[in-house]
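Notes to accompany the following structure.
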Amino acid sequence: MMRPYNFSAGPAAMPAEVLEEAATEMLDWHGSGMSVMEMSHRGKEFMSIRDLAEADLRDLLAIPEHFKVLFMQGGGLAENAIVPLNLSQGGAVDFVVTGSWSKKSAAEAEKYCRVHEAASNVADHHTSLPDPGQWRLSPDARYVHICSNETINGVEFHELPDLKALGSHAPLVVDFSSHVASRPVDWSRVGLAFGGAQKNLGPAGLTLVVVREDLLGKSMSPCPSAFDYATVASHQSMYNTPPTYAIYVAGLTFQWLKRQGGVAEMERRNVAKAALLYDFIDASGFYANKVAKDCRSRMNVPFFLRDEARNDAFLTGAKARGLLQLKGHKSVGGMRASIYNAMPMEGVNALVDYMRDFERTQA
Ligand SMILES: *Cc1c(COP(=O)(O)O)cnc(C)c1O
């Protein structure tokens with residue numbers, strides 16, 4: 001079946017092979033007579049699914065032994081509260097504000113700790129990245145928060161900051177919701193990374209947290225037990241019922257990623273996909289992208305028609321060509337093409353062909 005290309009920012013397109021596999025196994029997983037949805041989360045069948053998912057993820061992202069992998073619920077937004085409840089002890093926390101998501105994270109953290117804005121790109125309307133050398137880091141910060149890919153604004157850290165080199169001993173907390181598994185991670189620079197699954201890993205409902213062991217066990221007393229990292233870790237993410245089906249489908253995605261050649265190969269493809277689209281936009285007088293070239297997201301590409309009166313016609317024509325969900329986020333406007341791991345080069349080619357054709361019909 002030929003499916004349309006889906007450019008949704010999230011929940012986002014999944015690899016067709018993964019959906020087909022899940023469909024095949026829907027009524028009877030591996031001869032068990034059960035759908036994965038119908039299994040006890042503590043039974044041997046689901047435990048084997050969970051254990052394989054964790055092992056594959058550790059392998060794919062090269063997660064070191066001294067980090068815990070937690071399968072949680074609540075999404076990125078819940079983590080905005082769960083992280084300060086677990087790590088801040090009510091003290092000072094540094095935030096680097098680079099777009100809508102890090103701004104939201106900082107606002108939520110204010111309920112639990114003393115938020116200090118170490119740097120911001122608000123003066124550039126979130127189209128640049130503040131140079132880490134210029135960040136005003138607090139000497140007593142419990143952690144430093146960044147969003148390594150701003151899904152709405154299309155700004156990405158192509159390299160994680162090295163806080164030690166900046167003279168800080170605080171752990172780095174990274175919201176990597178919208179580019180996890182799109183490239184390798186340098187764990188030597190990370191204290192904790194979290195992300196909702198629905199952009200690049202699987203269905204909504206699963207939240208991934210990867211946390212360095214020495215950061216566990218310092219939660220504030222109002223922290224809900226089900227959201228206390230130490231409790232979740234000591235129960236292998238089974239303190240309460242985890243999102244079993246979402247873990248299973250994410251596990252299928254991890255297997256698919258391994259068959260593709262892993263995250264280094266994904267990074268190579270993502271670089272090529274993004275270059276094709278940005279180069280086309282930059283060469284055009286009809287379309288524009290406003291983000292500084294050194295920090296453009298490889299996952300989320302916001303772009304504008306210079307004549308915004310043509311937006312509706314653009315979207316209608318795109319849909320007729322099987323190019324779905326290109327409308328930009330309401331806070332930014334224009335268009336946004338999200339080109340996560342599951343988007344093949346052919347999809348980006350089809351988009352660029354359409355953009356070229358649309359421009360011609362408008363002349
Ligand atoms: C989508 C997203 C979130 C929010 O995730 P929810 O699962 O809706 O809570 C947080 N951060 C980033 C960077 C995102 O892209």
Side-chain angles (χ1 to χ4, degrees), residues 6-14 70-86 93 95-111 115 120-121 126-127 129 143-158 160-161 172-183 185 190 192-211 224 226-227 237 242-243 245-247 249-250 253 270 274 291 295-302 325 327-332 336-343:
N6 179 353
F7 295 89
S8 172
M14 302 268 305
L70 311 180
F71 294 136
M72 299 181 69
Q73 304 189 58
L77 281 189
E79 290 303 324
N80 287 343
I82 297 169
V83 172
L85 279 165
N86 275 278
V93 172
F95 275 78
V96 178
V97 174
T98 53
S100 303
W101 284 113
S102 46
K103 201 169 140 199
K104 224 173 210 179
S105 301
E108 182 73 11
E110 272 179 4
K111 296 181 182 177
V115 168
S120 162
N121 63 357
H126 304 312
T127 59
L129 272 187
Y143 63 90
V144 178
H145 177 114
I146 66 166
C147 174
S148 50
N149 184 60
E150 290 278 3
T151 322
I152 293 175
N153 307 88
V155 171
E156 180 171 8
F157 283 83
H158 291 153
L160 292 177
L172 181 69
V173 169
V174 185
D175 175 357
F176 66 174
S177 294
S178 53
H179 73 169
V180 53
S182 71
R183 66 181 208 197
V185 177
V190 175
L192 180 150
F194 70 83
Q198 71 271 24
K199 312 289 167 56
N200 219 9
L201 298 181
L206 167 64
T207 311
L208 173 67
V209 175
V210 184
V211 55
F227 289 155
S237 303
Y245 197 75
I247 291 171
V249 179
T253 308
N270 290 325
V291 177
C295 58
R296 286 174 167 180
S297 171
R298 295 167 185 159
M299 298 280 103
N300 311 97
V301 182
Q325 308 207 61
K327 194 175 163 66
H329 189 272
K330 59 185 183 304
S331 68
V332 174
R336 174 173 50 168
S338 294
I339 50 174
Y340 300 117
N341 285 343
M343 177 61 63

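Whatever order the structure lists them in is the order used to number ligands and atoms, beginning at 1.
Side-chain atoms of Q73 and P243, non-hydrogen and from C-beta on, do get closer than 4.5 Å to each other. N149 is not listed as a side-chain neighbour of F157, based on a closest heavy-atom distance of 4.5 Å or more. The shortest distance between side-chain heavy atoms of N121 and T127 does not fall below 4.5 Å.
Counting the atoms of ligand 1 from 1 in the order shown, those under 4.0 Å from a heavy atom of N149 are 13 (C). The distance from ligand 1 to the heavy atoms of G75 drops below 4.0 Å at these ligand atoms: 7 (O), 9 (O). The distance from ligand 1 to the heavy atoms of T151 drops below 4.0 Å at these ligand atoms: 12 (C), 13 (C), 14 (C), 15 (O). If you number the atoms of ligand 1 from 1 as listed, the ones under 4.0 Å from a heavy atom of S178 come out as 15 (O). Each of the atoms 13 (C) of ligand 1 lies under 4.0 Å from some heavy atom of C147.
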For this session: Evaluate the criterion side-chain contact (heavy atoms from CB on, under 4.5 Å) for residue pair N153 and T98; output intermediate values, then yes/no.
Result: CA-CA 8 Å; N153 307 88; T98 53; over 6 Å; no
Exercise. Would S297 and V291 satisfy side-chain contact (heavy atoms from CB on, under 4.5 Å), going step by step from the backbone distance to the final call?
Worked result: CA-CA 9 Å; S297 171; V291 177; over 6 Å; no
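Counting only heavy atoms of the protein, atom 5 (O) of ligand 1 lies nearest to G76 N, 3.4 Å. In terms of protein heavy atoms, atom 9 (O) of ligand 1 is closest to L77 N, 2.8 Å. Given atom 10 (C) of ligand 1, the protein heavy atom at minimum distance is W101 CE3, 3.4 Å. Closest protein heavy atom to atom 11 (N) of ligand 1: D175 OD2, 2.7 Å. Annotation: atom 14 (C) of ligand 1 to nearest protein heavy atom, K199 NZ, 2.9 Å.
Ligand 1 does not have G10 within reach: every non-hydrogen atom of the residue lies 4.0 Å or more from it. Using a 4.0 Å heavy-atom cutoff, E79 is absent from the residues neighbouring ligand 1. Look at S177 and you'll find a heavy atom under 4.0 Å from some atom of ligand 1.
Contacts of T207 with ligand 1, taken as heavy-atom pairs under 4.0 Å, are absent altogether. Only side-chain heavy atoms of Q198 come within less than 4.0 Å of ligand 1; its backbone N, CA, C and O stay farther off.
N300 and Y340 form a side-chain donor-acceptor contact under 3.5 Å, judged by distance and modelled atom types alone. Side-chain atoms of H179 and E156 include a donor-acceptor pair closer than 3.5 Å.
Rounded to the nearest 0.5 angstrom, N80 CG and W101 CH2 are separated by 8.0 Å. From E108, atom CD reaches atom CD1 of I82 across 10.0 Å, with rounding to the nearest 0.5 Å.
Using bins of under 30°, 30° to 60° and over 60° for the plane-to-plane angle, the ring pair F95/H145 lands in the parallel bin.
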